[in-house]
Amino acid sequence: MLAAGAATFPRQDLSTSKGLYEGVYFVIRDINAAPLSAGQIAQIQASSEVTRQFYAANSGGFYDLRYTQIVDVPLALNADGTRIGDWIADAENYVRSTYGIEPEDFHANIFDVSGTKPDPDQGWSGLAWIPSNNFAVQADISSDWGQIVMDHELGHRIGVPHAGALRAVNDSNYTPYYYDFDTGRYEEYSAAAGAEHGVPFGVHNDEYGNPFDVMGNISHGHFNVHEKLTNLQWLTPAQAPDLNQVGEGTYRIYAHDELQTVYNSRLDIYGVTDTYDASSLYGLTYTREAERFDLQSGQFTSTTQEVTLEYRAGRDGIQLYLGDSLIDLDPEGGADRNNLERELEVGDSIREIDFGVSFYASTGDGDDFLSHNPPAPARPWEVLPEWFEFSVLGLGSDSTGSYVDVLVSREDYAIESGVAADLNRDGMLDRADWLLFASLTHSDLTGFTKTGRYLHGDFNDDGANDYDDFLYFKETFIEAHGAAAFAQILRVPEPTSLTLLGWLTVLFFPRKHAKAAAPLLSL
Ligand SMILES: [Ca+2]
Ligand SMILES: [Ca+2]
Ligand SMILES: [Ca+2]
Ligand SMILES: [Ca+2]
Ligand SMILES: [Zn+2]
């Protein structure tokens, strides 16, 4: 068992999302139906235990809601079993007059309407009336689905919106595009063409699309870090620091969804054995400049975006968010909204200019981006002259929990707008770049970002500086200065690199077939 004093429990007098709270649980039924039974009460209490443990683990022991009143509320229903128009007011008044309870004195009024018929056009299984303390659940709370609905609606009660996902679906309602700067045209996106564009134009911003989050799509997973940080204040800014302030570095980010709950029976209160560690990180966040296509003006206009990185236990990489919405960075999962392959995996890296710097979310129902005659987007590095690159180095665990290590580097437009293969970044492609390239041949490129690999001579980003990259260097050099000049830099080695070049000549000039390296950063 636990060492005394290690656990964290909520205190009474905090914000909406922090504290020990009491709720009234209304069991709504027809006046002619059987009254609330001991068996129903046991089911409600069992569901309450699940909710309380879920919220204790999510909140780090800061939030707990218990149903101090579970009350039988008979109402005169319509003949077909549906509820009459003003049923909430009737239910609250019934509880006032029959039990002497003032519902508005409680943090939550939970209306269990599973004993009534849904309205014919009722589109909800649960519904929260924000900012009141009321929420209703139509689903049977003894089912898995009903439990998810219960915990989802309570999330709304304490200020959390839906957990969306940006999904590059291409179907009868959505047609995503990417812009090809070579052809000067928008091209239709598919997993085969344009998959390097993490957030294509016309992307579906699926309001409930996050498959990991109780506020998203059919899941009982934790709230995400963006929610825990901004809506709930269960994490502090120090635990998900602002990258614009802390800058480059290697960051160890702990899973935010594996705290262990504990119950204090004397006080009837749920908490956690150890809360979020004050000196560890559970995410990274920052705001950035971006542009979005504006339907009114038909132009791109500047905007700011919030980016959040997080890690969930057992996953194979980091999750990235734009605002409330999870980005899909793993094409292997396909476009199904339930697929869990969204992460940037260990060994991969991404430049932030490759996701959503130019943005248009389709309004749905066949809203085709191209029908708005959009102008060409800005080049990403015109929007963001400096950007972050994220490289996922590896996973592990220690006494604090499981974690992912992420390399964050800051890169700029010199490599994008400058001279191809200019490895020393002096604006010229010359012999100095050749010597640098040669010295880095077959060097170990693990732990570098994409730009870092490029600057180490891995032009085609396959993880090695090798023969394909040599062919790219050669083609690029010949295009710039001619074949004779290229022969010259090979023929006239400086004395110090004579040995090296002799080796390289042997290495590179067996004229085996190798496919030409695709220019990685075609502008
Ligand atoms: Ca109320
Ligand atoms: Ca994966
Ligand atoms: Ca150079
Ligand atoms: Ca390569
Ligand atoms: Zn909802």
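No hydrogens, no waters, no symmetry mates; every other heavy atom, side chains included, goes into these values. For clarity, every value in this text was computed on a predicted model and none was experimentally measured. Starting from 1, each residue takes its place in the sequence as its number. All ligand and atom numbering here is 1-based and tracks the order in the structure.
Aromatic ring orientation, H152 versus Y208: parallel (interplanar angle below 30°, classes split at 30° and 60°). The aromatic rings of Y286 and F388 sit perpendicular to each other, their planes meeting at more than 60°, with 30° as the lower class boundary. The aromatic rings of H107 and Y21 sit parallel to each other, their planes meeting at less than 30°, with 60° as the upper class boundary. Ring orientation note: the planes of F486 and F473 are tilted relative to one another, at an angle of 30° to 60°. The aromatic rings of F111 and W87 sit perpendicular to each other, their planes meeting at more than 60°, with 30° as the lower class boundary.
Nearest to the Ca ion (ligand 3), among the N, O or S atoms that D422 has, is OD1. Sorting the N, O or S atoms of D426 by how far they are from the Ca ion (ligand 3) puts OD1 first. The closest approach of E104 to the Ca ion (ligand 1), by N/O/S atoms, is made by OE2.
For residue D433, an N/O/S atom approaches the Ca ion (ligand 3) to within less than 3.0 Å.
Exactly one residue among N224, I318, V225, V404 makes a side chain to side chain contact (heavy atoms under 4.5 Å, CB included) with R312. That residue is N224.
By the criterion of a separation under 3.0 Å, the protein N/O/S atoms near the Ca ion (ligand 2) amount to D316 OD2, D330 OD2, E341 OE1, E345 OE2.
Rounding to 10 degrees, one finds that the Ca ion (ligand 1) sits at the corner of an angle of 160° between N133 OD1 and E92 OE2. To the nearest 10 degrees, the angle centred on the Ca ion (ligand 1) between OD1 in N109 and OD1 in N134 reads 90°. With the Ca ion (ligand 3) as the vertex, atom OD1 of N424 and atom O of M428 span an angle of 160° (nearest 10 degrees).
When all heavy atoms of R83 and K117 are compared, the closest pair comes out as NH1-O, 3.6 Å.
The cationic atom of K18 (NZ for Lys, CZ for Arg) lies less than 6.0 Å from the six-membered ring centre of F62 and within 45° of the ring axis.
Taking a 6.0 Å sphere around CD of E479, one finds it holds 12 or fewer heavy atoms contributed by other residues, nucleotides or ligands.
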